[in-house]
Amino acid sequence: MESVKAVRGMRDLLPEELERWQSFEEKARQLLARYGYQEIRTPVVEEKGLFERSVGEQTDIVTKEMYTFLDRKGRKLALRPEGTASVVRAYLEANYFQKRKISRFWYLGPMFRYDRPQKGRYRQFYQLGVEVFGGQDPFFDVEVMALMFYLVNSSGVTDLTIHLNHLGCAQCQHNYLGVLQKFVRPRAGFLCCDCQRRLASNTLRIFDCKNERCAEVLEEAPLPGNYLCQVCQDRYEKVHTGLKALGLSVFEDKRLVRGLDYYTGTVFEAMTGRETNAVAAGGRYDTLTMALGGPAIPAVGFAIGLDRLMALCSETSSKLPVIRAIFLGEEARKRGFLLLEELRREGLRVETDYEERPLKNHLQTASREKVVWCLILGENELNREQFVIKNMETRRQYEISFNGAGQKVKELVC
RNA sequence: GUGGGUGUAGCUCAGCGGUUAGAGCGCCAGACUGUGGCUCUGGAUGCCGGGGGUUCAAAUCCCCUCACCCACCCCA
């Protein structure tokens with residue numbers, strides 16, 4: 001019979017790998033708490049329309065990468081392809097904008113996109129994201145980027161550069177698009193077919209094209225940064241100097257644009273030396289709350305691609321030392337079982353296979369599995385009301401009496 | 001969605017029309033009855049990814065399919 005396998009693009013996170021994830025998540029939670037961010041959990045399933053209205057009806061994400069389906073009542077639903085839309089929806093639905101001036105949220109969870117699977121790209125992937133609502137000041141942008149920087153840093157990936165650009169407010173964007181189209185239209189014939197398509201649907205994205213001829217054509221093209229109004233220009237300057245003041249590595253990338261429609265103003269990506277893909281990215285989206293039927297609330301946020309980040313870092317977690325218990329004889333086994341419970345209550349990690357095998361055999365197994373501490377309990381020890389703790393690396397042994405065993409073992413191994 | 005590569009033992013891979021499909025590592029047993037990593041001896045391994053075809057004969061050639069990897073695309 002054919003065996004059942006994980007669905008294409010989906011994968012199991014097995015314990016060995018999860019250790020890295022959990023260790024990172026622990027540090028991330030602490031960091032986020034210190035910046036005053038609160039966790040929010042939104043459903044994996046949303047109305048399809050939510051993403052059409054936020055991510056953008058013409059974007060690839062919405063037109064060809066969403067998992068959509070009808071439920072039994074014929075509702076058009078979708079597995080979320082990203083996190084921001086849901087958080088904005090929840091923020092509006094819970095009326096946070098009436099309760100307090102500034103709201104800071106973070107989330108972590110699976111997102112779904114029907115992409116072709118590749119390294120660091122899965123159909124179910126994980127993002128840790130951050131969103132701030134109610135703040136217009138450029139310091140919010142800086143705060144959020146600093147947080148992104150330090151979060152990524154805490155994973156052990158330290159060769160980070162923030163690529164920074166500013167797309168301008170709605171008015172700047174409108175003005176600039178006119179200029180850009182006037183420039184590109186006469187040269188459209190020289191662009192690749194992907195870019196021809198982008199021209200109509202998502203003009204800004206032509207700057208992302210890696211095709212050499214397109215790059216050549218766009219060499220002379222007007223850039224969004226040069227068509228900013230005075231207010232946007234000032235804001236951009238403040239963001240840039242703010243990041244520099246923190247000593248973060250920043251690269252001003254005048255050609256940086258983003259794939260989601262909702263970005264306005266500041267946009268940024270976290271790049272590492274080893275990867276061409278960004279490991280985290282985000283930006284300001286001051287008009288999104290309105291697009292989803294709410295009041296105008298300025299907001300800024302980012303998301304970290306955890307699958308990519310975890311593939312990059314070699315996190316070493318400080319785990320509890322493992323104590324492997326070995327019992328010789330039935331009496332020792334019975335008494336030992338109680339001893340293990342006692343040690344666990346002290347917070348120690350102890351395990352055993354309960355098997356009746358020669359001591360040599362047990363030690364060999366432990367040695368192969370790189371277990372550092374063995375607990376040995378046989379008749380000899382039982383008669384003296386004690387047991388043996390052996391360090392497999394130094395080969396030293398310690399005799400410990402049952403009385404107050406937990407504390408003594410703890411001192412020894414921790 | 002487009003193009004290319006790879007699927008053989010638990011792992012890394014060799015075999016590329018012709019005996020019963022191999023190596024290294026790992027695994028199991030023994031030498032060695034309460035003290036391990038070394039050594040020696042012996043042992044088990046497999047729908048050769050799946051389906052179809054060509055052939056006297058297919059892991060090997062052809063077609064289809066599935067999965068993984070790489071690049072594009074997309075994006076974090």
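Just so it is clear: chains get the letters A, B, ... in the order the sequence lines come, proteins before strands, and each one is counted from 1. Just so we're clear, the structure is a prediction, and the values are computed from it rather than from any experiment. Just so it is clear, the values below take in all heavy atoms, side chains as well, and ignore hydrogens, waters and symmetry mates.
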Tell me which donor-acceptor pairs under 3.5 Å the side chains of residues 399-413 of chain A have, and how far apart each pair is, sequence neighbours excluded?
from     : atom 1 : to       : atom 2 : distance (Å)
A:Ser401 : OG     : A:Lys408 : NZ     : 2.8
A:Gln407 : NE2    : A:Glu346 : OE1    : 3.3
A:Lys408 : NZ     : A:Asn403 : O      : 2.8
A:Lys410 : NZ     : A:Glu346 : O      : 3.0

Determine all donor-acceptor pairs shorter than 3.5 Å in which one atom belongs to a side chain in residues 164-172 of chain A; sequence neighbours excluded.
from     : atom 1 : to       : atom 2 : distance (Å)
A:Asn165 : ND2    : A:Asp253 : O      : 3.4
A:Asn165 : ND2    : A:Lys254 : O      : 3.2
A:Asn165 : ND2    : A:Leu256 : O      : 2.8
A:His166 : ND1    : A:Gly168 : N      : 3.0
A:Gln171 : NE2    : A:Asn175 : OD1    : 3.3

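Contact annotation for A:Gly9: backbone-only contact, meaning every heavy-atom pair under 4.0 Å involves sugar-phosphate atoms and none involves a base. Within 4.0 Å (heavy atoms only), A:Leu309 reaches no atom of the nucleic acid at all.
B:A58: no Watson-Crick or G-U partner with both key distances under 3.5 Å is found in any strand. Summarising the base pairing, B:U12 is matched to B:A23 through a Watson-Crick or G-U wobble pair whose two defining distances lie under 3.5 Å. Pairing of B:U6, defined by two Watson-Crick or G-U wobble distances under 3.5 Å, is identified with B:A67. When both distances must be under 3.5 Å, the Watson-Crick or G-U wobble mate of B:G30 is B:C40. Base pairing analysis places B:G17 opposite nothing; no Watson-Crick or G-U wobble pair with both distances below 3.5 Å involves it.
If you take CG of A:Asp12 and P of B:C68, they are 12 Å apart, rounded to a whole angstrom. The distance from atom CZ of A:Arg121 to atom P of B:C68 is 12 Å, rounded to the nearest whole Å. Atom P of nucleotide B:C73 and atom CZ of A:Arg113 are separated by 16 Å, given to the nearest angstrom. Rounded to whole Å, atom P of B:C75 lies 16 Å from atom CZ of A:Phe51. Summarising the geometry, the separation between CZ on A:Phe125 and C1' on B:C74 is reported as 10 Å, rounded to the nearest angstrom. Following rounding to the nearest Å, A:Asp60 (CG) and B:C72 (C1') show an atom-to-atom distance of 13 Å. One can place CZ of A:Arg123 at 15 Å from C1' of B:C75, the figure rounded to the nearest angstrom. One interatomic measurement links the two molecules: NZ of A:Lys5 to P of B:C47, which rounds to 11 Å at whole-angstrom precision.
Of the candidates B:C73, B:C70, B:C68, B:C68 carries the atom nearest the A:Arg8 side chain, counting heavy atoms from C-beta on. With distances taken from any side-chain atom of A:Pro117 to the nucleotides B:C75, B:C70, B:C68, the minimum falls on B:C68.
Contacts between residues 330-343 of chain A and RNA chain B, defined by a heavy-atom separation under 4.0 Å, are absent.
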### Task
Go through A:Phe105 and A:Tyr37 one step at a time and tell me if the ring pair (Phe, Tyr, Trp, His ring centres under 6.0 Å) criterion holds.
CA-CA 5 Å; A:Phe105 299 116; A:Tyr37 286 73; 8.9 Å; no

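Between the side chain of A:Arg308 and the base of B:C75 there is at least one donor-acceptor pair of N/O atoms closer than 3.5 Å.
Closest-nucleotide positions on RNA chain B for A:Leu306 and A:Lys64 were compared, and the one nearer the 5' end corresponds to A:Lys64. Residue whose closest nucleotide on RNA chain B sits further toward the 5' end, between A:Met10 and A:Gln118: A:Met10.
B:G43 and B:A23 have their P atoms separated by 12 Å, given to the nearest Å. Separating the C1' atom of B:G49 from that of B:G7 is a span of 6 Å, rounded to the nearest Å. For the C1' atom pair drawn from B:G50 and B:C66, the interatomic distance equals 7 Å after rounding to whole Å. Spacing between B:G46 and B:C40 at atom C1', rounded to whole Å, works out to 28 Å. Comparing the P positions of B:U6 and B:C13 gives an interatomic distance of 13 Å, to the nearest angstrom.
Residues passing the side-chain contact (heavy atoms from CB on, under 4.5 Å) test with A:Lys64 are A:Asp60, sequence neighbours excluded. Not counting sequence neighbours, the partners of A:Val142 by the side-chain contact (heavy atoms from CB on, under 4.5 Å) test are A:Val239, A:Leu243, A:Leu246. A:Phe140 pairs by the ring-ring contact (aromatic ring centres under 6.0 Å, His included) definition with nothing, not counting sequence neighbours. Legend: residues meeting side-chain contact (heavy atoms from CB on, under 4.5 Å) with A:Asn361, ordered by chain and number and at least two apart, are A:Arg357, A:Pro358, A:Thr365. Applying the side-chain contact (heavy atoms from CB on, under 4.5 Å) test to A:Phe183 and every residue at least two apart in sequence or in another chain returns A:Arg187, A:Glu220, A:Ala221, A:Pro222.
Within the structure, ring-ring contact (aromatic ring centres under 6.0 Å, His included) contacts touching residues 245-264 of chain A (residues at least two apart or in different chains) are A:His163-A:Phe251, A:Tyr262-A:Tyr285. Among pairs with a residue in residues 29-45 of chain A, those fulfilling salt bridge (charged side-chain N to carboxylate O under 4.0 Å, His left out) read A:Arg29-A:Glu39, A:Glu39-A:Arg41, at least two apart in sequence or across chains.
For the pair A:Arg333 and A:Phe327, the NZ or CZ position fails the cation-pi test of under 6.0 Å to the six-membered ring centre and within 45 degrees of the ring normal.
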All N/O contacts under 3.5 Å from nucleotides 3-13 of chain B to the protein, with atom names and distances to one decimal?
from : atom 1 : to       : atom 2 : distance (Å)
B:G3 : O6     : A:Arg116 : NH2    : 3.2

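Of the N and O atoms on the side chains of A:Gln136 and A:Arg235, at least one donor lies less than 3.5 Å from an acceptor on the other residue.
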Under a 4.0 Å heavy-atom criterion, the protein footprint on nucleotides 26-43 of chain B, written with B, S and -, is -SS---B-BBBB------

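Side-chain rings of A:Tyr35 and A:Trp106 stay apart, their centers remaining 6.0 Å or farther from each other.
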